[in-house]
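Presented below is the structure to which this report refers.
What you see is a predicted model; the values in this text were computed from it and never measured.
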Amino acid sequence: MDDRQLALVLGRARAVAGLVLVVFPSLAGWLWLGRGAREPAARATLRMLGIRDLVLGIGAITTVKEQTSGPEWVGMGAVVDGVDAVAMVITPGLPKRARLAMLFPAAAAALGIRAAKALAAQRDESVRAAAAAVGAETVA
């Protein structure tokens with residue numbers, strides 16, 4: 001799988017996870033966090049997280065496909081995943097499954113950073129090649 005495909009997979013997974021959190025916050029939250037996810041405040045928070053992930057996922061998918069600001073969108077998603085993983089590690093009282101679930105955003109953060117860096121390098125190389133081509137045409 002190349003870095004562009006990886007970025008698209010991460011974006012799609014983020015969008016689907018976001019949609020699930022928006023539509024089924026109690027179920028998704030219970031699987032992730034346990035009983036407390038059924039409280040109204042927890043459901044509202046999970047829906048807010050879901051909207052965040054849905055928007056970041058759609059933004060990443062769109063910009064990677066259009067080859068515009070994909071590295072930035074994928075990178076923002078990676079930062080969010082890293083923060084989520086850290087929050088789950090440092091928050092006392094979470095069930096063990098939340099600690100295990102932390103592995104998913106941690107892995108997504110690492111893969112997202114890798115994909116964002118590779119996409120940015122590819123874009124930079126394309127810009128340099130285009131500039132060199134324009135320079136060659138000017139000389140000729």
Side-chain angles (χ1 to χ4, degrees):
M1 177 181 308
D2 70 11
D3 293 303
R4 186 172 180 277
Q5 290 172 323
L6 174 60
L8 289 171
V9 166
L10 289 170
R12 289 178 182 131
R14 177 180 304 286
V16 168
L19 188 59
V20 168
L21 283 170
V22 169
V23 177
F24 304 109
S26 292
L27 174 62
W30 178 81
L31 291 171
W32 182 20
L33 300 172
R35 297 171 128 186
R38 294 190 174 157
E39 297 295 322
R43 285 196 321 267
T45 302
L46 290 166
R47 281 193 170 110
M48 288 185 282
L49 288 172
I51 290 296
R52 175 199 75 177
D53 280 344
L54 183 60
V55 169
L56 283 170
I58 291 171
I61 294 165
T62 303
T63 58
V64 168
K65 283 185 173 185
E66 292 175 352
Q67 296 182 350
T68 55
S69 57
E72 290 79 11
W73 279 90
V74 174
M76 285 185 286
V79 169
V80 164
D81 287 334
V83 169
D84 289 351
V86 169
M88 291 169 73
V89 167
I90 66 171
T91 302
L94 291 177
K96 287 182 182 177
R97 70 175 136 211
R99 305 270 184 233
L100 289 174
M102 174 277 306
L103 296 174
F104 291 104
L111 292 171
I113 290 292
R114 176 184 155 217
K117 287 174 71 174
L119 291 173
Q122 291 170 10
R123 182 178 61 195
D124 291 347
E125 190 171 313
S126 295
V127 168
R128 278 192 291 274
V134 168
E137 287 178 12
T138 305
V139 173

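For the pair Gln122 and Asp2, the minimum side-chain heavy-atom distance is 4.5 Å or more.
Within 6.0 Å of the CZ atom in Arg38, the count of heavy atoms belonging to other residues, nucleotides or ligands does not exceed 12. A 6.0 Å sphere centred on CZ of Arg114 holds no more than 12 heavy atoms belonging to other residues, nucleotides or ligands.
Side-chain N or O atoms of Arg43 include none that pairs as donor or acceptor with a backbone N or O of Ala37 at under 3.5 Å. Panel note: side chain Arg12, backbone Gly57; no donor-acceptor pair is recorded below 3.5 Å. A donor-acceptor pair is defined here as one N or O able to donate and one able to accept, closer than 3.5 Å; no such pair exists between the side chain of Arg4 and the backbone of Leu119. Proximity of a side-chain donor or acceptor of Glu66 to a complementary backbone N or O of Thr63 within less than 3.5 Å is not detected.
A chain of hydrophobic side-chain contacts below 4.5 Å, direct or via other Ile, Leu, Val, Met, Phe, Trp or Tyr residues, connects Val74 to Ile61. Tracing side-chain contacts under 4.5 Å through hydrophobic residues (I, L, V, M, F, W, Y), one never reaches Val9 starting from Val55; they form parts of separate clusters. Note on Leu103 and Met88: same hydrophobic cluster, where clusters join Ile, Leu, Val, Met, Phe, Trp and Tyr whose side-chain heavy atoms are under 4.5 Å apart, directly or indirectly. Cluster membership check: Met1 does not share its hydrophobic cluster with Leu8, using side-chain heavy-atom separations under 4.5 Å among Ile, Leu, Val, Met, Phe, Trp and Tyr. There is a path of hydrophobic side-chain contacts, each under 4.5 Å, that joins Leu27 to Val23.
Of the candidates Leu54, Leu19, Asp81, Arg14 forms a side-chain contact (heavy atoms from CB on, under 4.5 Å) with just one, namely Asp81.
Minimum interatomic distance between Gly75 and Ala116 (heavy atoms only, all atoms of both residues): N-CB, 3.7 Å. Minimum interatomic distance between Arg99 and Pro92 (heavy atoms only, all atoms of both residues): NH2-CA, 4.0 Å. Closest approach of Pro71 and Ala120 over heavy atoms only: CG-N, 3.5 Å. Between Asp84 and Pro105, the shortest heavy-atom contact is CB-CB, 4.3 Å. Scanning all heavy atoms of the two residues, the minimum distance from Gly50 to Val22 falls at C-CG2, 3.6 Å. The minimum heavy-atom distance between Ala106 and Ala85, with the atom names listed, is N-CB, 3.9 Å.
The line from CD1 of Ile58 to CH2 of Trp73 is 9.5 Å long, rounded to the nearest 0.5 Å. In this structure, Leu21 CG and Arg52 CZ are separated by 9.0 Å, a value rounded to the nearest 0.5 Å. Going from atom OG1 of Thr68 over to atom CZ of Arg123 covers 8.0 Å, rounded to the nearest 0.5 Å. A distance of 11.5 Å separates CG of Leu100 from CG of Leu94, quoted to the nearest 0.5 Å. Expressed to the nearest 0.5 Å, how far CD1 of Ile51 lies from CG of Leu46 amounts to 12.0 Å. Atom CD in Glu39 sits 11.5 Å away from atom OG1 in Thr45 (nearest 0.5 Å).
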